[in-house]
Amino acid sequence: MKVAAKLEHITEQIIEACRKVNRKPEEVKLIAVTKYVSIERATEAVEAGILNLGENRDEGLLSKWEVLGDKPKWHFIGTLQTRKVKNVIDKIEYIHSLDRFSLAQEINKRAVKPVKCLVQVNISQEESKHGLTPQVAIEFIKQLQPLENIRVEGLMTMAPLTEDDSVLRNCFRGLRQLRNQIKELQLEYAPCNELSMGMSNDFTIAIEEGATMVRIGTALVGEDG
Ligand SMILES: *Cc1c(COP(=O)(O)O)cnc(C)c1O
């Protein structure tokens with residue numbers, strides 16, 4: 001199926017999820033995760049009007065960036081190795097996966113202007129998931145204060161793989177509550193307005209729980225049927 005057709009369907013679902021909870025669809029940024037797909041498919045997505053692309057590896061980002069440049073905004077959504085920071089730092093709009101101080105230091109050192117970061121939190125506390133525990137996340141954000149090129153725009157999480165809507169909802173709600181706690185600290189470098197949560201399987205629930213960014217791969221740009 002063409003990306004344009006999938007985009008139309010996803011957009012309808014976003015509008016419907018927003019309507020349910022009285023939110024405006026403009027509050028939700030749609031990020032097409034192109035990590036599994038070809039450069040041609042990513043190009044098709046941009047031509048269909050998608051403004052934001054997400055990649056989880058520096059190679060994937062760089063090879064697509066060579067072709068698409070700054071036409072879309074780039075989001076780095078995967079574990080970022082410290083030594084790879086310099087390759088991507090001047091190409092990306094957001095890093096969704098800030099999860100350790102050494103990474104923050106490297107970003108701070110390499111950046112020429114403040115970088116929009118989201119701190120990755122492991123709300124579900126699954127062993128397999130990356131990210132800080134909610135307890136540690138607040139302390140971590142406080143420690144970032146001296147790093148003048150780090151701006152904490154919000155939080156990111158990945159929900160557990162489950163069909164159980166209540167588990168998903170609790171996870172997203174937990175991230176929102178943590179975000180609210182951080183906002184209350186009124187840290188100048190951590191406005192923390194963004195909630196990056198929701199993927200192909202769970203984005204409508206994430207939007208109902210306040211997502212401001214959804215990261216959708218398979219359902220939006222998947223090359224299958
Ligand atoms: C792959 C990936 C996604 C998109 O996953 P889909 O289930 O294909 O929508 C979103 N976020 C992160 C961090 C990912 O690695």
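Just follow the structure's listing: the first ligand is 1, and inside any ligand the first atom is 1.
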Study note, to complete from the structure: Under 4.0 Å from one or more heavy atoms of Thr218, ligand 1 contributes atoms 6 (P), 7 (O), 8 (O), 9 (O)
Review point. Relative to the heavy atoms of Ile216, which atoms of ligand 1 are at a distance of less than 4.0 Å?
Key: 9 (O)
Practice item. Look at atom NZ of Lys73 and say whether more than 12 heavy atoms of other residues, nucleotides or ligands are closer to it than 6.0 Å. Key: no
Practice item. Heavy-atom contacts with Ile77 under 4.0 Å: which atoms of ligand 1 show up? List them by number with element. Key: 11 (N), 12 (C), 13 (C), 14 (C)
Review point. Between Asn56 and ligand 1, does any nitrogen or oxygen pair lie at a separation below 3.5 Å?
Key: no
Point to revise | Salt bridge flag under 4.0 Å for residues Glu153 and Lys116 | key: no
Check your understanding: Does some non-hydrogen atom of Phe203 fall short of 4.0 Å from ligand 1?
Key -> no
**Study point:** Arg215 N/O to ligand 1 N/O under 3.5 Å
**Key:** yes
Review point. Are any of the N/O atoms in Met199 less than 3.5 Å from those in ligand 1?
Key: no
Review point. So, is the end of the Lys91 side chain (NZ or CZ) under 6.0 Å from the ring centre of Trp65 and within 45° of the ring's axis?
Key: yes
Point to revise | Lys/Arg-Asp/Glu bridge criterion (N-O < 4.0 Å) met for Lys2, Glu44 | key: no
Study note, to complete from the structure: Ranking Ser200, Gly131, Gly54 by closest non-hydrogen atom to atom 9 (O) of ligand 1, top hit is Ser200
Point to revise | Shortest protein contact, atom 1 (C) of ligand 1 (heavy atom only) | key: Lys35 NZ, 1.5 Å
Point to revise | Atom CD of Glu148: over 12 foreign heavy atoms under 6.0 Å | key: no
Exercise for review: Using only heavy-atom distances, determine whether the side chains of Asp99 and Ser97 contain a donor-acceptor pair under 3.5 Å.
Suggested key: no
Practice item. Spell out, yes or no, whether Tyr36 and Phe76 are grouped together once hydrophobic residues are joined by side-chain heavy atoms under 4.5 Å, including indirect joins. Key: yes
